[in-house]
Number of protein chains: 2
Amino acid sequence: MSDEPTARDSRSRDRARTEADILAAARVVLAEDGFQGFGVNAVARRAGCDKQLIYRYFGGLDGLVDAIGLDLAGWLERELLSEDAPPRTYAELVEQLVLRFLAALRADPLVQRIAIWELAAPSPLVARLAAARGTAMMRWVAKTRGALTPPEGVDAPAFNALLIAAVQQLVLAGAAVGSFSGLPLQSDADWARVQAAAVTLVRAVYSEG
Amino acid sequence: MSDEPTARDSRSRDRARTEADILAAARVVLAEDGFQGFGVNAVARRAGCDKQLIYRYFGGLDGLVDAIGLDLAGWLERELLSEDAPPRTYAELVEQLVLRFLAALRADPLVQRIAIWELAAPSPLVARLAAARGTAMMRWVAKTRGALTPPEGVDAPAFNALLIAAVQQLVLAGAAVGSFSGLPLQSDADWARVQAAAVTLVRAVYSEG
DNA sequence: GCGATTTATCACCGGCCGGTGACATGTCAA
DNA sequence: TTGACATGTCACCGGCCGGTGATAAATCGC
């Protein structure tokens, strides 16, 4: 929102520090204003330095986006991790995945903006960004799945995609307009309702065949 | 994509025709380029007339968007209508709703763009646009529901929102990048898979309690 | 035929954008 | 001390944007 440059003596002459400032500014701009406001000028203003440095140190916006993607790669995995009891059934596995994905996405405006970016302006650049999320989820599933397998005769990939898609759409809509299709998505109670419905769905599909 | 003005003798002096041209051009621009490319200059170029006319006849972009919203209000209702047998159970009702919403949204890039617009840049303007869709679905449900009611002890609004949200996210992702979370969303076979999964979900929740 | 009105076009403004070349200043090594 | 290099700033370019005032041309009422 505000464009006041963050405090930063303009003569720091510390490249590592400057790069970190630029990267942080880029994340803030993207998280706050979305991809529409994401540009060289905005990031430089936010970082309190000249935009030329973005070209010099990151090779332009593309390199900056890639840099964001790098430390974003581990985001989802970190978020999905927990010390809870490992799932004992496939239903529990999917249930944990859905609930944690909901919480993680809801808490991270940056990733929300990236997801919207992907929908609104698909490009190889942002595709690379979004790919990290997908592979992270895959790896998490592979790691915590153990020997768990979906029930026979069930199109698990389709169901899981449905569930994750529902969660993502609701989180994005909730952040943007506070409701979806008449369902309020603001208070924690609203989200508890969504969680309950999602859990019921998972169990209806996987637990009882 | 291309900016060549549509054939149109520049001296037609037919206000009704010109207004229709502008409105059509606006819909095309929005459907093709999304809200990012939606502006006075782009619409005027596409309509093959001067942008001043947009201000004169529609009062600027806002009025133009409202005009789009007007004839868009009946869109969903028209799409949802059909001569199929009326649903006999609540499960059938929701099943029809979900499947028809999927088909309608998939076939209409304009509405897809509006949905994305709502996520990326919420504003009273586009909210008015998107509200039409919501009320249209409400009215359709009220009209075809008859005496059907959801089973006891089921949070029907939450489940329905989940299902519609899943469909919407998958359609948007399919149009943008052709897949979601590893699930391909391009061929008709891909979508048949999604439909089957959605139907199974609906029945698991409503039919068998 | 003629003036008034409608319809449409054009030229222009300020502002922001991405991008680049020239320049200033601090740092460090020879 | 001096010269090369790293770091940072500034000024400028062309292009597109939304928005507006003046002007031309066709139509209509009289």
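As the structure is a computational prediction, the values presented were derived from the model and not from experiment. Proteins get letters first, then strands, A, B, ... in listed order; numbering begins at 1 in each.
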Inset, instruction - Respond yes when some side-chain nitrogen or oxygen of A:S12 is under 4.0 Å from OP1 or OP2 of D:dT7, and no when none is. - result: no

Legend entry - Separation of D:dA6 P from A:R56 CZ (nearest whole Å): 10 Å

Inset, instruction - Can you tell me the distance, in whole Å, between the CZ atom of B:R45 and the C1' atom of C:dT9? - result: 16 Å

Inset, instruction - Calculate the interatomic distance between B:Q36 atom CD and C:dG18 atom P; express it in whole Å. - result: 15 Å

Inset, instruction - Using heavy atoms to find the nearest nucleotide of DNA chain C for A:N41 and A:Q52 separately, return the residue whose nucleotide is more 5′. - result: A:N41

Inset, instruction - Considering only NZ, NE, NH1 and NH2 on the basic side and carboxylate oxygens on the acidic side, decide whether A:R46 and A:D33 come within less than 4.0 Å. - result: no

Legend entry - B:Y90 and B:Y206 aromatic ring geometry - parallel, tilted or perpendicular at 30°/60° bounds: perpendicular

Legend entry - Nearest-angstrom distance from the residue atom CG of A:D50 to P of D:dT7: 15 Å

Inset, instruction - Return yes if a side-chain donor-acceptor contact under 3.5 Å exists between A:D190 and A:S187, otherwise no. - result: yes

Inset, instruction - Mind calculating the distance between CG (A:L125) and P (C:dG18) to the nearest angstrom? - result: 14 Å

Inset, instruction - In plain terms, say whether B:R128 and B:D62 are close enough for a salt bridge, that is, a side-chain N and a carboxylate O under 4.0 Å apart. - result: no

Legend entry - Separation of atom CG in B:D33 from atom C1' in D:dC16, rounded to whole Å: 14 Å

Legend entry - Nearest-angstrom distance from the residue atom CZ of B:F58 to P of D:dG19: 16 Å

Inset, instruction - Examine C:dG18: is either OP1 or OP2 under 4.0 Å from a nitrogen or oxygen in the side chain of A:Y55? Give yes or no. - result: no

Legend entry - Check: A:R13 side chain, D:dG8 base, donor-acceptor under 3.5 Å: no

Legend entry - Minimal non-hydrogen separation, A:E95 against A:V202, with atom names: N-CG1, 4.0 Å

Inset, instruction - Take atom CG of A:L53 and atom P of D:dT7, then tell me their distance rounded to the nearest Å. - result: 10 Å

Legend entry - Closest-nucleotide 5' rank along DNA chain C - winner of B:R15 and A:K51: B:R15

Inset, instruction - Indicate whether OP1 or OP2 belonging to D:dT7 is found under 4.0 Å from a side-chain N or O atom of A:T18. - result: no

